[in-house]
*Asks:* 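Attaching a single structure in structure tokens format; questions to follow.
Excluded from the calculations below are hydrogen atoms, water molecules and symmetry mates; all remaining heavy atoms, backbone and side chain alike, are included. Below, chain A is the first sequence line, B the second, and so on; all start at residue 1.
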2 protein chains.
Amino acid sequence: MHDEAEFLAGYDPGAYPAVAVTVDVVALTIHAGRLCVLLVERGEQPFAGRRALPGGFVRDEALDVAAMRELGEETGVHLERVHLEQLKTYGDPGRDPRMRVFSVAYLAFAPSLPEPESGTDAAGAYWVPVEEATGLAFDHDVILADGLERARAKLEYTPLATAFAGDEFTISELRQIYTAVWGEELHAGNFHRKVLSVPGFVESTGETAPRGGERGGPKPKLYRAGDARLLHPALLRPTREDDVR
Amino acid sequence: MHDEAEFLAGYDPGAYPAVAVTVDVVALTIHAGRLCVLLVERGEQPFAGRRALPGGFVRDEALDVAAMRELGEETGVHLERVHLEQLKTYGDPGRDPRMRVFSVAYLAFAPSLPEPESGTDAAGAYWVPVEEATGLAFDHDVILADGLERARAKLEYTPLATAFAGDEFTISELRQIYTAVWGEELHAGNFHRKVLSVPGFVESTGETAPRGGERGGPKPKLYRAGDARLLHPALLRPTREDDVR
DNA sequence: TTAATAGTGTCTTTTAGACAGTATATC
DNA sequence: GATATACTGTCTAAAAGACACTATTAA
């Protein structure tokens with residue numbers, strides 16, 4: 001189109017007030033039966049010394065690429081089979097003292113627990129149990145809360161829990177993931193039957209684990225993630241009427 | 001903090017490459033039993049003359065404020081009890097030929113059908129059945145598709161359908177909303193009982209509609225939206241196994 | 001009168017959840 | 001042997017869905 005080319009030639013990007021776009025990542029994993037989030041200690045202003053979600057400015061790249069890159073650069077955590085999804089964008093004026101900064105938050109689920117190495121941008125990075133992750137920089141407390149709510153909801157109707165597990169896992173391990181994320185005990189027997197009854201949630205490897213539990217019990221069978229993208233029927237949280245209203 | 005103030009004084013926002021942030025709104029309503037989306041005909045480059053979602057640059061304001069403002073300015077549609085929620089952010093390099101533009105998409109649900117007046121920014125604005133809303137400017141086809149998927153899913157486990165209805169509505173009207181959004185017929189009798197059995201979904205006004213259907217039938221009772229934020233148990237779509245994998 | 005719609009009854013199937021019970025491991 | 005765990009059986013209650021039926025209204 002001639003008109004469009006002409007328009008583009010005369011267009012001045014600098015005419016708009018400066019804004020910046022960052023990505024911040026809520027990376028979750030299970031460690032010792034507890035749900036943990038990856039935090040960095042900020043080495044630079046603003047909020048130097050405060051804990052924050054890993055993140056940084058978006059370059060000439062897609063948003064999800066930026067999220068994955070920042071996760072690796074800033075924490076030394078390089079996740080291969082990591083599940084990454086966009087959470088929400090935060091852009092209230094004043095949420096960053098430097099300038100107008102819009103942060104596109106991502107949610108990541110890490111299967112195992114790679115101990116992070118300190119990267120270039122951060123003085124340190126570590127997994128922190130989510131209950132202890134408070135007083136974060138910027139509006140990251142809110143972002144974390146939104147991420148946790150999303151994660152808890154998605155466990156119900158998607159096979160997301162398998163993203164927290166390794167390639168092969170037992171039904172018990174899967175149940176412990178649900179327990180950690182929801183913060184509620186689940187009946188072992190009913191959970192077992194339920195998981196196996198949902199088509200495509202898990203599939204058997206035919207193998208069994210090399211040994212039983214620490215204090216006895218039979219060797220459990222091993223499973224891997226199935227091909228379902230949604231759980232039908234869903235695996236609902238124990239109903240608390242209060243949450244509904 | 002002395003350190004932080006010092007840092008801010010020496011900070012130069014112009015040092016970063018220019019980016020822009022816009023909001024785009026997927027505004028949905030039901031018209032004559034069909035799900036419709038609000039589109040504008042672009043009056044300016046780029047994509048002049050093409051249909052697009054209403055939207056524009058974010059000013060010194062919160063994102064949801066920007067979304068509501070653009071909806072009003074660009075289409076003349078001023079929605080009072082409109083439900084507005086953030087959908088997703090789109091930021092692929094090259095999605096806008098002018099510069100790097102990140103678009104924060106919002107999803108809006110309009111109860112009635114205010115016929116839009118042409119506003120300042122747009123050559124025209126009109127409601128279009130979603131099946132006919134193709135070939136949109138930028139990546140708006142994708143944004144619309146994501147918005148529809150979100151809307152369809154939220155009808156299942158939230159009372160969102162009431163946002164499409166007026167202050168008072170009949171169970172039949174509510175069912176027609178589900179039918180229009182999901183594109184599937186629902187059994188009238190079972191739907192009726194189901195809606196009334198979900199706590200807090202709807203509450204009776206005690207009144208009945210002034211008359212029955214066009215071709216006969218009793219005067220239906222009137223209801224208004226209840227206080228539930230989630231539907232328990234949910235109102236699930238007729239299962240299509242294919243959607244799951 | 002005809003036909004369409006509102007609303008209810010009832011039956012079957014599926015699912016959730018409580019609870020018990022058996023087999024198999026580890027210490 | 002004591003004990004913890006994996007897994008299954010069984011029963012009950014809740015819910016989904018199919019289908020039938022009555023009552024009420026507009027044309």
Side-chain angles (χ1 to χ4, degrees), chain A residues 33 155-157 168-179 182 184-199 201-202 204-223 228 230-241 244, chain B residues 33 155-157 165 168-179 182 184-202 204-223 228 230-241 244:
Chain A
L155 280 205
E156 291 195 324
Y157 54 92
E168 301 191 344
F169 51 85
T170 68
I171 303 294
S172 265
E173 284 165 3
L174 196 61
R175 176 168 47 82
Q176 283 159 26
I177 290 167
Y178 274 90
T179 300
W182 284 350
E184 303 196 53
E185 288 302 318
L186 298 174
H187 187 284
N190 289 341
F191 180 87
H192 193 109
R193 179 182 20 234
K194 169 72 182 174
V195 166
L196 296 184
S197 76
V198 176
F201 191 1
V202 300
S204 175
T205 67
E207 308 289 312
T208 64
R211 53 157 296 161
E214 293 183 1
R215 286 160 300 194
K219 295 171 184 168
K221 292 175 185 165
L222 288 172
Y223 297 85
L230 295 171
L231 302 185
H232 273 299
L235 218 156
L236 299 176
R237 265 177 283 190
T239 313
R240 286 174 302 192
E241 289 296 328
V244 174
Chain B
L155 280 204
E156 291 195 323
Y157 54 92
E168 301 191 345
F169 50 86
T170 68
I171 304 294
S172 265
E173 285 166 3
L174 197 60
R175 177 167 45 83
Q176 282 159 28
I177 290 168
Y178 274 90
T179 300
W182 284 349
E184 303 197 53
E185 289 303 318
L186 298 174
H187 186 283
N190 288 340
F191 180 87
H192 193 108
R193 180 185 15 232
K194 169 71 182 175
V195 167
L196 295 184
S197 76
V198 176
F201 191 2
V202 300
S204 175
T205 67
E207 308 289 313
T208 63
R211 52 157 298 163
E214 292 183 0
R215 285 161 300 194
K219 295 172 183 167
K221 293 176 185 165
L222 288 173
Y223 297 85
L230 294 173
L231 302 185
H232 272 299
L235 218 157
L236 298 176
R237 265 177 283 191
T239 313
R240 285 174 302 192
E241 289 298 328
V244 174

*Asks:* Give the minimum heavy-atom separation between B:L155 and B:Y178, together with the two atoms involved.
*Replies:* O-OH, 3.0 Å
*Asks:* From CD of B:E185 over to P of D:dA18, roughly how many Å is that when rounded to an integer?
*Replies:* 13 Å
*Asks:* Once you round it to whole Å, what is the distance between C1' of C:dT15 and CD of A:E156?
*Replies:* 15 Å
*Asks:* Look at the side chain of A:R193 and the base of D:dG9, then say whether one donor and one acceptor between them are separated by less than 3.5 Å.
*Replies:* yes
*Asks:* Specify the closest pair of heavy atoms between A:P199 and A:A228, including all atoms of both residues, with the distance to one decimal.
*Replies:* O-CB, 3.6 Å
*Asks:* What distance separates B:Y157 OH from A:L236 CG, expressed to the nearest 0.5 Å?
*Replies:* 12.5 Å
*Asks:* Could you tell me the separation between the CG atom of A:N190 and the C1' atom of D:dA13, rounded to a whole number of Å?
*Replies:* 13 Å
*Asks:* Which ones in residues 209-221 of chain B lie close to DNA chain D, meaning a heavy atom under 4.0 Å from one of its atoms?
*Replies:* B:R211, B:G213, B:E214, B:G216, B:G217, B:P218, B:K219
*Asks:* Rounded to whole angstroms, how far apart are CZ on B:F191 and P on D:dA15?
*Replies:* 17 Å
*Asks:* Between atom CZ in B:R237 and atom P in D:dA16, what is the gap in whole Å?
*Replies:* 16 Å
*Asks:* Does a side-chain heavy-atom distance below 4.5 Å link A:V198 with A:L235?
*Replies:* no
*Asks:* Can you measure B:Y157 atom OH to D:dA15 atom P for me and round it to whole angstrom units?
*Replies:* 20 Å
*Asks:* Side-chain N or O of A:K194 versus OP1/OP2 of C:dT15: is the shortest distance under 4.0 Å?
*Replies:* no
*Asks:* State, to 0.1 Å, how close A:E173 and A:E168 come at their nearest heavy-atom pair, and which atoms those are.
*Replies:* OE1-O, 4.2 Å
*Asks:* Under 4.0 Å: is that the gap between some side-chain N or O of B:H192 and OP1 or OP2 of C:dA6?
*Replies:* no
*Asks:* Given D:dC19, D:dG9, C:dA6, identify the nucleotide with an atom nearest to the side chain of B:H187.
*Replies:* D:dC19
*Asks:* Are A:Q176 and A:F169 close enough, and set up right, to give a side chain to side chain contact (heavy atoms under 4.5 Å, CB included), and what steps lead you there?
*Replies:* CA-CA 11 Å; A:Q176 283 159 26; A:F169 51 85; over 6 Å; no
*Asks:* Counting only heavy atoms and a strict 4.0 angstrom limit, can you tell me which residues of residues 169-176 of chain A come near DNA chain D?
*Replies:* A:S172, A:R175
*Asks:* Considering only heavy atoms from C-beta outward, does the side chain of B:L186 approach that of B:P238 to under 4.5 Å?
*Replies:* yes
*Asks:* Could you state the CG-P distance from B:L236 to D:dA14, rounded to the nearest angstrom?
*Replies:* 19 Å
*Asks:* Side chains of A:T179 and A:R175: closer than 4.5 Å at any heavy-atom pair?
*Replies:* yes
*Asks:* Take the protein atom CG of B:L222 and the nucleotide atom P of C:dA6, then report the distance between them rounded to whole Å.
*Replies:* 12 Å
*Asks:* Under a 4.5 Å cut-off applied to non-hydrogen side-chain atoms, are A:T170 and A:L222 in contact?
*Replies:* yes
